[in-house]
Amino acid sequence: MSARDWIDKDFYRELGVSSDASDAEVKKAYRKLARELHPDANPGNADAEARFKSVSEAYGVVGDPEKRKQYDEARSMFGGGLRGGFGGGSGFDFGDAFGQQGGFTGGSGGGLGDLFGNLFNRAKSGGGTTARPRRGADVETDVRLDFVEAVRGATVPLRLSSPSTCDTCHGSGARPGSSPKTCVTCGGVGLVSRSQGAFAFSEPCRDCRGTGRIIDDPCPDCAGEGVNTKTRTLTVRIPAGVEDEQRIRLAGQGEPGRSGAPAGDLYVRVHVTPHPVFGRSGNDLTLKVPVSYTELALGTTLTVPTLDGVVSLNVAPGTASGRVLRVRGKGVQRRDGQSGHLLVTLQVTVPADLDDDARTALEAYAKATATHDPRPELTALVQKARQS
Ligand SMILES: [Zn+2]
Ligand SMILES: [Zn+2]
């Protein structure tokens, strides 16, 4: 990193602290950001990765009291005048001013990962382990069930594809027996400085694609990525009575944890295909049964389907339209003993066409019942309205 970079960049802003923040505040801000932005927590997120590097870079300077002092001095010296005439040969020798301390990797040669790893191991356990235990990621998937499967429960095979650490190289990306080398171009930092006119930028190192490591002999199973996609087949028991859009959590069936940490959970979102005839209301099944007026008026015995057969229902003479009959125990039967019923709603249908005989018979019926008012309450209201 060049001296110019130091001054050009606002490391304090990068860390979200003021320039008079205490060392402890700087450290705290860095830890929080590093945790949020760490590539492990943001797989495939290039923005987070870039931010992670910027924050690490900033902390490499501001987090080191000696470098911070130099940085502050340089900034106060050149402050706002930087943008314009930097390259004009002011005669100031940055090499002298900053000596060989320009980079934050110093002599450790370990790159960002090590810097971060050491910091965190110290913070968490004081130990020297390289791979921190990390709980496996939660996995979410969808499954479609038909209506009957949802009511009764079902055992469904699931194929899950997820990225996981390559078994062959244990994540290093290098062919077994070889190991990745520190990138010479960026010294393992993953960042290089580039000057453009008066400005200087840090950008991800192209030689190592920002990883800080070069793999000469890539692992054949993951092509050097250290990660490959594994497909697992899992048999999942969906409990009886699951509802459409319900999310079922299967503890410990997500991605495996790292270094002995527990696995994540698997969430299965269930989509239920509706039934052409039956409906659901919680644990109850519902069924609408069209009936004729005479069936309700005279009474009858109806045969209706259930999910697993048929039942006979007695309809008493004079049963109202819309009446709900309950067939006990023919709904959802849950494992925990809860059970629902089949709720049968009787609905009168009116024939669209009547033949002559039927019409004659109905007209005779209408005449015979002319004195019967089917809606006396409404009739009373209508009369009252007319009188006022
Ligand atoms: Zn591999
Ligand atoms: Zn590099």
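For this chain, numbers begin at 1 and follow the sequence in order. In listed order, ligands and their atoms are each counted from 1.
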Donor-acceptor under 3.5 Å (D265 side chain, D138 main chain):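 No, the answer is negative, given that no donor and acceptor are paired below the 3.5 Å cut-off.
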
Keeping the roles fixed (side chain from D284, backbone from H341), state whether a donor-acceptor pair exists under 3.5 Å.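 Yes, D284 side chain to H341 backbone: donor-acceptor pair under 3.5 Å.
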
Evaluate side chain to side chain donor-acceptor pair (under 3.5 Å) for R31 paired with Y59, printing each intermediate quantity in order. CA-CA 9 Å; R31 287 226 174 118; Y59 185 68; over 6 Å; no

Without hydrogens or angle criteria, can the side chains of D217 and S178 be said to hold a donor-acceptor pair below 3.5 Å?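 Judged by distance alone, the side chains do not pair up.
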
Nearest 10° is fine: what angle sits at the Zn ion (ligand 2) between SG from C186 and SG from C205?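 Value, to the nearest 10 degrees: 110°.
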
Mind checking whether the Zn ion (ligand 1) has an N, O or S of H170 under 2.8 Å?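 So H170 does not count as coordinating the Zn ion (ligand 1).
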
Can you give the angle C166 SG - the Zn ion (ligand 1) - C219 SG, rounded to 10°?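 Answer comes to 110°, rounded to 10°.
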
